[in-house]
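Here the structure is a predicted model, which is why all the values come from computation and not from measurement.
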Amino acid sequence: MKILAKRLVTYLTNEDLFNAVTQVTDVLGSAEKDAEKKIYSNVLDPFSAIFEAIYFEMDLSDWIKKEKSRQTQKTMQNRIGEFHQRIIGSVRGWENLGTGRIMDVINKEKKIVAEIKNKFNTTKGNHKKIVYDDLEEFLGRNAGFTAYYVEIIPQGAKRYNKPFEPSDNVSKQRRKKNKKIRVIDGYSFYELVTGEKEALAKLYKALPEAIAFVSQHASQYASHDKHFDDLFKRAFGVDIF
């Protein structure tokens, strides 16, 4: 990989950042090719096509491009949670436990373990009790740890770090309160992981240049567009510095 002289994120090496970014851009590339192949293999909704095309003044080719983009985005969003797992697992003292494990990241010195989800609604409500049970089972085998359920993008741009008490759709009762089993938003968790209050904002601010560096398709977006800052503020309630 090419070398960049400056360090883009204070708590992360460029190599680790670029590796995490590449995992997403590689998926985007393959997903785009798959969407091109599969666009007609699945039955497209002609009613959706005609409503959207006429209302938004698109021709059919534009609508098909939009549909391909939608399919690609679904694939990408599944990888964003893994992106954060890779980033956090690359911070000093932290370990990425990989896919297919009950937990995603661990810090054995600080006795912290976490399951990371990209968005507050990534996991359906009736499945959150399963996450809780997994966290509780881990704590039963590992004394002194605190377990976190991380929602990178919180609902309503809120900050929280509180006991995780998901409801059971069968018993209609919430899981018991345990101060060692917690739910936390992404902005707060990145601060907890790195010790830097603006850690998540720093990562976000560095991404345009990092993506441009590893992808030939993104060079024109190397400078940060303020519209992206607005999206970040809407998600986390924080201005990009």
Side-chain angles (χ1 to χ4, degrees), residues 20 23-24 73-201 203-204 232 234-238:
Q23 294 298 319
V24 180
Q73 187 180 51
K74 286 175 62 178
T75 302
M76 179 198 66
Q77 287 176 342
N78 293 333
R79 285 300 179 96
I80 296 299
E82 294 178 24
F83 166 78
H84 288 289
Q85 182 179 339
R86 287 178 181 276
I87 292 293
I88 291 168
S90 298
V91 176
R92 179 176 295 181
W94 290 82
E95 179 184 349
N96 176 6
L97 297 176
T99 57
R101 302 286 294 274
I102 293 176
M103 305 302 150
D104 291 328
V105 294
I106 191 170
N107 187 314
K108 294 177 182 176
E109 182 180 349
K110 295 182 177 180
K111 291 188 177 296
I112 296 174
V113 69
E115 172 74 10
I116 301 171
K117 299 300 181 184
N118 184 48
K119 199 173 181 182
F120 67 92
N121 59 357
T122 299
T123 304
K124 294 180 180 180
N126 61 328
H127 290 159
K128 289 184 177 180
K129 65 178 182 180
I130 299 174
V131 175
Y132 177 98
D133 293 343
D134 287 341
L135 296 174
E136 184 179 48
E137 192 272 338
F138 178 90
L139 294 184
R141 293 183 288 104
N142 297 272
F145 270 78
T146 300
Y148 287 88
Y149 174 65
V150 185
E151 299 173 328
I152 295 293
I153 301 176
Q155 185 174 18
K158 297 175 182 177
R159 301 278 84 76
Y160 47 85
N161 180 353
K162 60 185 180 181
F164 183 39
E165 303 174 80
S167 61
D168 187 328
N169 61 313
V170 177
S171 68
K172 307 301 181 184
Q173 295 181 340
R174 291 188 174 277
R175 287 294 192 261
K176 64 182 180 181
K177 185 176 181 178
N178 184 339
K179 66 179 182 179
K180 291 288 189 177
I181 304 177
R182 310 185 68 79
V183 57
I184 187 171
D185 70 276
Y187 203 90
S188 298
F189 191 67
Y190 263 85
E191 181 180 355
L192 177 67
V193 167
T194 66
E196 299 185 22
K197 186 174 182 179
E198 296 175 330
L200 187 58
L203 173 64
Y204 187 76
F232 188 89
R234 286 177 180 273
F236 299 102
V238 178

- Query: Shortest non-hydrogen contact from A114 to V150?
  - Reply: CB-CG2, 3.9 Å

- Mind listing the closest non-hydrogen atom pair of V193 and K110 along with its distance?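 Taking V193 first and K110 second, the nearest heavy atoms are O-NZ, 3.9 Å.
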
- By side chain to side chain donor-acceptor pair (under 3.5 Å), which residues pair with R234, not counting sequence neighbours? none

- Message: If the condition is side chain to side chain donor-acceptor pair (under 3.5 Å), which residues does N121 pass it with, not counting sequence neighbours?
- Response: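 Checked N121 against side chain to side chain donor-acceptor pair (under 3.5 Å); zero matches.
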
So, does [X] use its side chain to make a donor-acceptor pair with the main chain of [Y] at under 3.5 Å?
| X | Y | result |
| --- | --- | --- |
| E109 | G93 | no |
| N107 | I112 | no |
| T194 | Y190 | yes |
| N96 | V105 | no |

- Among R182, K128, K162, the one residue meeting salt bridge (charged side-chain N to carboxylate O under 4.0 Å, His left out) with E151: K128

- Item | Note: E82-R86 ion pair, threshold 4.0 Å (strictly below) | no

- Query: Residues two or more places apart in sequence or in another chain: which of them pass salt bridge (charged side-chain N to carboxylate O under 4.0 Å, His left out) with K111?
  - Reply: none

- Message: Against the six-membered ring of Y132, is K129 placed for a cation-pi contact (under 6.0 Å from the centre, within 45° of the normal)?
- Response: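 Negative - K129 is either too far from the ring of Y132 or too far off its axis.
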
- Measure up the F145 and F138 rings against each other and bin them: parallel (under 30°), tilted (30 to 60°), perpendicular (over 60°). perpendicular

- Query: With under 30° as parallel and over 60° as perpendicular, where do the rings of Y148 and F189 fit, or are they tilted in between?
  - Reply: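 Taking F189 first and then Y148, their aromatic rings sit tilted (interplane angle of 30° to 60°).
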
- Item | Reported CG-to-CG distance for the pair L139 and N178, which is rounded to 0.5 angstrom | 6.5 Å

